Structure formats: structure tokens, C-alpha cells
Amino acid sequence: MFKLKNQAILFSNHGMLRFFSASTAAAAISDAISQPQQSTLDSNARMKDMMDPDFFVSTLFKCRNIFQIKQVHAQVTTTGIIHDLIVANKLLYICAKHKDLVTAHLLFNKMEERDPVSWSVMIGGFVKNGDYERCFQTFRELIRAGSKPDNFSLPFVIKACRDTMGLIMGRLIHSTMRRDGFVPDKVAMVTIVNACAKLGAMNKARLVHDYVCARRYSLDVELGTAMIDMYAKCGSIDSSREIFDRMEQKNVISWSAMIGAYGYHGQGREALELFHMMLNSGIIPNRITFISLLYACSHAGLVDDGLQLFSLMSVSYGVRPDVKHYTCMVDLLGRAGRLDQALRLIENMEVEKDEGIWCAFLGACRIHRQVDLAEKAAKLLLSLQTQNPGHYILLSNIYANAGRWKDVAKIRNLMTKRRLKKIPGYTWIEVDNIIYQFGAGDNSHLRSKEIYEMLKSLSQKLESAGYVPDTNSVLHDVDEEVKLGILHAHSEKLAIAFGLIATPDGTPIRITKNLRVCGDCHSFCKLVSAITQRDIIVRDANRFHHFKEGICSCGDYW
């Protein structure tokens with residue numbers, strides 16, 4: 001903070017120095033920020049401006065950088081206007097907006113008076129900048145101060161709980177909301193909807209939807225788009241489209257969200273059709289739209305359509321491809337087996353390469369078992385991101401598929417030296433509003449005996465139908481019998497077996513896997529859907545698979 005009392009302030013205006021006393025500095029600040037060429041006003045007018053809170057609020061909103069903000073901060077402190085709560089809150093907001101959280105927090109701590117806006121701005125500023133620890137600290141201070149969270153501060157804290165999976169803080173917020181009779185407004189509901197989307201629990205999504213309908217909240221762009229994403233990530237693309245069609249107003253984000261939803265559900269043709277509808281509606285696509293489109297083409301094998309879109313995006317729509325667009329193209333070409341073309345694209349791209357693009361190429365090498373190219377990609381990938389265990393596991397799996405067990409051992413030893421651990425695979429299923437988690441070979445469930453009996457019965461029926469376990473999915477140097485045992489108790493199979501005994505006949509079984517579903521489990525799901533006449537919806541780390549009557553929506557292209 002500048003010490004300005006009884007001092008002159010020096011400003012530079014296009015190379016010319018101008019001196020003002022503290023009594024005229026306020027207007028000088030405004031001149032420097034908004035109208036550098038404006039002539040000097042008379043001293044009386046400046047004095048009047050200097051004591052007007054609205055003048056400083058207006059000036060704050062004209063600030064373009066931290067230096068200008070500090071100029072205004074210094075003047076409101078000198079004049080005493082800082083004690084005006086509206087001015088203090090606006091200064092707090094502008095500092096947080098420009099990511100100067102140190103100054104914002106100092107100002108917040110020195111405020112003699114705080115209102116709900118002060119708390120919301122500070123909590124929101126920490127969340128937007130990823131400082132969840134200080135967000136929670138500030139929220140606890142709010143509670144201890146006897147203040148009540150409102151519809152602005154609560155959504156930020158809920159978002160922080162969602163992103164950090166903070167169960168303890170989540171329970172505290174829930175108890176606070178119940179105690180205070182809190183009724184979420186539309187702003188809070190957007191955050192809750194986003195949390196449901198991340199969770200992927202359909203029953204929770206329906207409860208949220210029922211609440212939105214009961215409160216008669218209109219499906220505006222923000223809430224409607226969030227609900228499109230929520231239903232898509234809970235496995236119901238039809239419900240997403242229903243929400244989309246009901247929205248009276250849609251912007252480019254709404255259209256892109258629906259296109260993206262079709263993409264990760266493997267419905268590339270529907271994504272392209274919606275894109276043409278979007279153009280006919282007069283909506284101009286942006287970079288997110290093209291990421292969604294290219295992703296959709298990649299997961300549906302629409303190589304020619306993807307290449308055409310990539311060519312047109314800059315020529316026809318003025319969207320310059322960035323690294324995410326290139327990553328989608330590498331994935332598109334790689335999945336189709338055009339690895340040489342994908343590599344040329346990487347080598348010739350004009351934007352900076354990141355780990356995502358090499359990871360996509362390495363994934364394509366795994367699909368097509370191109371060990372030499374995989375080694376080249378892995379070397380570059382590990383130079384960019386040495387501490388990601390997923391990259392090591394991917395290369396290890398490629399070696400395992402090729403039977404190069406010595407190289408597998410080298411990779412695992414390297415992980416041990418670097419203290420990296422493989423992320424364990426888990427599968428979740430929601431039954432009667434409770435979410436259950438399964439790991440491979442899990443025996444912790446109360447109905448574990450019934451689950452394994454159902455799994456045994458299923459295996460017998462599947463073998464009669466011609467199912468042969470794919471032991472290539474077990475990437476360990478062990479006997480075939482051991483591989484069969486490992487495959488039998490994969491987490492996806494345990495969750496599906498539980499779903500069959502715990503949910504009514506004829507209802508869909510929805511599961512979520514934190515990793516990519518393996519080839520054997522994919523074949524298992526197809527046959528189970530045919531034998532049991534149950535739809536199975538699997539959300540894995542990359543996309544959705546809809547299994548119905550022995551067929552998967554991905555067309556075995558995944």
C-alpha cells in the first residue's frame with residue numbers, strides 16, 4: 001500500500017510527468033485509468049469526486065491491472081472512503097478478480113464491518129483460484145462469527161467440497177443448511193447439479209430435477225446447460241436431449257454441451273446432425289464446439305468427418321486450432337490405425353505440444369500394439385510429466401501385450417524408485433439412493449456371498465452361450481488358471497452381479513468405473529445384457545458404453 005498522506009503523487013501520462021496533491025489524486029487516478037488525454041478538472045470538482053463512493057466504485061471497474069487497483073486502493077485508504085462497505089466490497093471483488101488474493105485477504109482481515117457480500121467474495125475468490133484450504137478456513141470463520149451462509153457463499157463451498165471430495169466439510173454444510181432452513185435458489189442449484197454430474201448418480205439427478213420443477217425454476221442457459229451435462233454424465237442421453245429441447249434460450253455453450261454429450265456416449269452421427277442444426281439456428285461455433293465435435297468423431301470412428309471439420313474450423317469459422325484440437329485429431333487418427341499420419345500431425349503442429357497429445361498417441365499405440373512408436377511417445381511423455389503413474393502403467397501394459405516381461409519389470413522397478421503407485425480400479429453402483437463401491441476381488445459387502453453366487457451362475461450361463469474369457473486382458477506373467485481367477489472378480493463384474501440381485505427385473509443397471517473398462521469385461525457386459533434382458537450402462541474413464549441385447553453402443557470401437 002502507498003503512503004500518501006500529506007504527500008504528492010506522481011503520475012506519468014505519455015511521457016509527461018504530472019504532480020497532484022493527495023486532494024486531487026482521485027481524479028488523476030481516473031484520468032490515468034480511463035481517459036489519459038482528458039484535461040485537468042478544477043480542484044473543487046476533484047474534491048467533490050474524492051468524497052463520492054460511487055466515483056471510486058466506477059473507477060475500480062475501469063482498472064485493467066494490479067498497479068491501477070493499488071492506486072485506487074491507496075486513495076480510498078487516504079481519504080477514509082475505505083470504511084464505506086460498498087467501496088470496500090468492490091475493492092475486495094476487484095482484487096480477487098485479478099487473482100491478487102494476498103491483498104484481498106489482508107483487506108478482508110482489516111475490514112471493521114463485513115456483510116454477506118464480503119464473505120461470498122472472499123470464499124468465491126479462493127475457490128476460483130483453487131485455494132480450497134483457505135476457502136474452508138474462511139467458511140469456518142463465517143460460521144464462528146455467527147453469520148449465515150447465503151445463496152452466494154454456499155455454492156462456492158459446495159463446489160470446493162465436490163472438487164476435493166471433502167466429506168467432513170460437506171456434512172458440516174449440510175447440517176448448517178438443515179439447521180437454518182436453507183432453500184437453494186437457482187444459483188445454488190447450478191452448483192448442486194454440477195456436483196451430481198460429477199457423481200454420476202441417476203437417482204440423485206432425478207431428485208435434483210424434481211426439486212427444480214417443484215420450485216418452478218426456469219431452464220435458463222446456465223441451469224439448463226448444467227442439467228444437460230448432469231443427465232449425460234449419469235448415463236441418460238435421452239434425458240439430456242429432453243432438457244435441451246425444452247430450453248427456450250440456448251447459447252453456444254448449450255449447443256456445445258449437447259454435442260459433447262453425444263460424443264462421449266458414442267453417438268457421433270447425432271453430434272454432427274446437431275451441429276448442422278446449430279448452424280441453421282444462427283449460432284456461431286467456438287473452440288469448445290469443435291473440441292466436442294472432434295471428440296465425437298474420434299469415439300465413433302468418423303475419420304473423414306473429423307478431418308473435414310478440422311480443416312473448416314479455421315478457414316470457415318475463424319477458430320484457430322489449439323493443443324486440445326490437435327489432441328482430438330491424434331486420438332481420431334490413432335484409433336483408426338493411422339499412426340504414421342497422427343505422428344506427422346504432431347511433428348508439424350504449430351502450437352506447443354503437451355502431455356495430453358503424447359498420451360493420446362501412446363493410447364493409440366496400445367490399441368494397435370505398436371511397441372516401437374509407443375517407446376518413442378513414452379520417452380517424450382515422461383520427460384513432460386514424470387510423476388504421473390498412469391503413463392508408466394500404459395507403457396507397461398503395451399510391453400505386457402507384446403510379451404516383453406523384462407521391460408514390464410523395468411518399468412515397475414522405475415515406478416518403485418520414484419515412489420509411484422498404480423491407481424487401483426474401482427466400480428460404483430447406486431442402489432436405493434446408496435452408492436456402493438467395489439474393488440477387484442472385493443469381499444467387504446454384506447451380501448458378498450450372494451454376489452459371488454450370482455457371478456458363478458452368470459459365468460456358467462455365459463460359457464454355455466459361447467463366452468471365452470479374454471486372458472489377454474490380464475497383464476501379468478502368470479499361469480492361465482491364475483489369469484482366469486483374476487478376471488472372474490473384476491470390480492465391474494461384482495457391481496453388475498450386485499445390481500442383478502438388488503434391483504428390480506427389467507430396470508437398467510448403471511455402473512461407474514474410474515479406469516478404462518477392460519476387453520474381457522466389455523465382452524462380459526454384452527453377453528449379460530443379452531442373457532438377463534437388462535440394459536447395462538457403463539461410465540468409464542473415457543466414455544459411456546450402453547449394452548443392450550448383446551450389443552454395445554460403441555460398436556466395439558473404443
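On a predicted model such as this, the values are computed, not experimentally measured, just so you know.
- In plain terms, the two heavy atoms of L302 and L332 that are nearest each other are O-CD1, 3.8 Å.
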Passes salt bridge (Lys or Arg N to Asp or Glu O under 4.0 Å), D442 versus K493? Steps please.
-> CA-CA 11 Å; D442 204 328; K493 296 178 181 179; over 6 Å; no

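- Counting only heavy atoms from C-beta outward, the side chains of I123 and V157 approach each other to under 4.5 Å.
- With hydrogens and angles ignored, the 3.5 Å screen pairs a side-chain donor or acceptor of D354 with a backbone N or O of I357.
- With no hydrogens or angles considered, no side-chain donor-acceptor pair links S292 and S256 at under 3.5 Å.
- In this structure, H490 has its ring center at least 6.0 angstrom away from the ring center of F524.
- Within a 6.0 Å sphere centred on CD of E222, heavy atoms belonging to other residues, nucleotides or ligands number 12 at most.
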Under the salt bridge (Lys or Arg N to Asp or Glu O under 4.0 Å) rule, what do K376 and D372 come out as? Steps first, then yes or no, please.
-> CA-CA 7 Å; K376 178 178 180 178; D372 292 340; over 6 Å; no

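- With contacts defined as side-chain heavy-atom distances shorter than 4.5 Å, the pair F275/L309 qualifies.
- For T191 (side chain) and I158 (main-chain N/O), no donor-acceptor pair under 3.5 Å exists by modelled atom type.
- The pair R447-E450 meets the salt-bridge criterion, with a side-chain N (NZ, NE, NH1 or NH2) lying under 4.0 Å from an Asp/Glu carboxylate O.
- Residue Y262 holds its OH atom at 13.0 Å from CG of L293, rounded to the nearest 0.5 Å.
- The side-chain hydrogen bond (donor to acceptor under 3.5 Å, both in side chains) pairs that include a residue from residues 194-208 are K204-E430, where partners are two or more places apart or lie in different chains.
- Side-chain atoms of T164 come within 3.5 Å of backbone N or O of A160 as a donor-acceptor pair.
- Two residues are said to be in side-chain contact when any heavy atoms from C-beta on lie closer than 4.5 Å; C525 and V538 meet this criterion.
- Paired with F290 under the rule ring-ring contact (aromatic ring centres under 6.0 Å, His included), one option of F310, W255, Y317, Y295 passes, and it is Y317.
- A donor-acceptor pair shorter than 3.5 Å cannot be found between the side chains of S523 and D520.
- I429 is not listed as a side-chain neighbour of R510, based on a closest heavy-atom distance of 4.5 Å or more.
- A distance of 11.0 Å separates CG of N397 from SG of C518, quoted to the nearest 0.5 Å.
- A donor-acceptor pair under 3.5 Å is absent between the side-chain atoms of H546 and the main chain of C552, judged by distance alone.
- When all heavy atoms of S529 and I536 are compared, the closest pair comes out as N-CD1, 4.1 Å.
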Could you walk me through whether D556 and K526 pass the salt bridge (Lys or Arg N to Asp or Glu O under 4.0 Å) test, one step at a time?
-> CA-CA 10 Å; D556 296 336; K526 286 198 295 184; 3.1 Å; yes

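- Here the closest heavy-atom approach between residue I283 and residue K250 is recorded as CD1-O, 4.1 Å.
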Report the C-alpha distance between T512 and T427 in whole Å, list the side-chain angles of each, state the deciding distance to 0.1 Å, and finish with yes or no for side-chain contact (heavy atoms from CB on, under 4.5 Å).
-> CA-CA 5 Å; T512 301; T427 301; over 6 Å; no

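- Side-chain contact annotation: Y231 with R241, donor-acceptor N/O pair under 3.5 Å absent.
- Using modelled atom types, one finds a donor on one side chain and an acceptor on the other under 3.5 Å when comparing T503 with R534.
- Note that CG of L207 and CG of N433 are 5.5 Å apart. Values are rounded to the nearest 0.5 Å.
- Between the side chain of H325 and the main chain of D322, a donor-acceptor pair closer than 3.5 Å is present.
- To the nearest 0.5 Å, the span separating CD1 on I511 from CD1 on I496 amounts to 4.0 Å.
- At a threshold of 4.0 Å, the pair R335-D331 counts as salt-bridged, since one of the basic side-chain nitrogens sits closer than that to a carboxylate oxygen.
- Using a cutoff of 4.0 Å between basic side-chain nitrogens and carboxylate oxygens, K353 and E347 are not scored as salt-bridged.
- Within the cation-pi definition used here (under 6.0 Å to the ring centroid, within 45° of the axis), K513 does not qualify as a partner of Y426.
- With contacts defined as side-chain heavy-atom distances shorter than 4.5 Å, the pair R418/L414 qualifies.
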Full working for side chain to side chain donor-acceptor pair (under 3.5 Å) between Q387 and Y392 = CA-CA 9 Å; Q387 295 303 113; Y392 296 86; 5.4 Å; no

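- In this structure, I284 places its CD1 atom where only 12 or fewer heavy-atom neighbours from other residues, nucleotides or ligands lie under 6.0 Å away.
- Checking side-chain atoms of H545 against main-chain N and O of R539 turns up no donor-acceptor pair under 3.5 Å.
- The minimum heavy-atom distance between M415 and K422, with the atom names listed, is CE-N, 4.0 Å.
- The shortest side-chain heavy-atom distance between D540 and R543 falls under the 4.5 Å cut-off.
- Of all heavy-atom pairs between C328 and L294, the closest is CB-CB, 3.6 Å.
- Y326 has its side chain out of reach of I346: every pair of non-hydrogen atoms, C-beta onward, lies at least 4.5 Å apart.
- Using a 4.0 Å cut-off between charged side-chain N and carboxylate O, E352 and K324 make no salt bridge.
- Annotation: side chain of L333 is in contact with side chain of L307 (closest heavy-atom distance under 4.5 Å).
- Salt bridge absent: K99 and D131 never bring a charged side-chain N and a carboxylate O closer than 4.0 Å.
- Distance check: S459 OG to E463 CD gives 6.5 Å after rounding to the nearest 0.5 Å.
- The number of heavy-atom neighbours closer than 6.0 Å to CD of E453, taken from other residues, nucleotides and ligands shown, is above 12.
- You'll find the ring centres of Y557 and H299 outside the 6.0 Å limit.
- The 12-atom threshold is exceeded at CG of N413, counting heavy atoms of other residues, nucleotides or ligands nearer than 6.0 Å.
- Proximity of a side-chain donor or acceptor of T386 to a complementary backbone N or O of L382 within less than 3.5 Å is not detected.
- Heavy atoms from other residues, nucleotides or ligands lying under 6.0 Å from CD1 of I253 number 12 at most.
- Distance alone, capped at 3.5 Å, is enough to place a donor-acceptor pair between the N514 side chain and the P424 backbone.
- Counting only distance, with no hydrogens or angles, the side chain of T416 and the backbone of R412 share a donor-acceptor pair below 3.5 Å.
- Listed here is the closest heavy atom pair of L339 and A364: CD2-CB, 3.5 Å.
- A donor and an acceptor atom, one from each side chain of N388 and Q385, are located under 3.5 Å apart.
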Could you walk me through whether Y132 and F126 pass the ring pair (Phe, Tyr, Trp, His ring centres under 6.0 Å) check?
-> CA-CA 6 Å; Y132 298 122; F126 285 133; over 10 Å; no

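- Residue L500 holds its CG atom at 10.0 Å from CG of L455, rounded to the nearest 0.5 Å.
- Side-chain atoms of T532 come within 3.5 Å of backbone atoms of V528 as a donor-acceptor pair (strictly under, hydrogens ignored).
- A salt bridge links D229 to K233: at least one charged side-chain nitrogen sits closer than 4.0 Å to a carboxylate oxygen.
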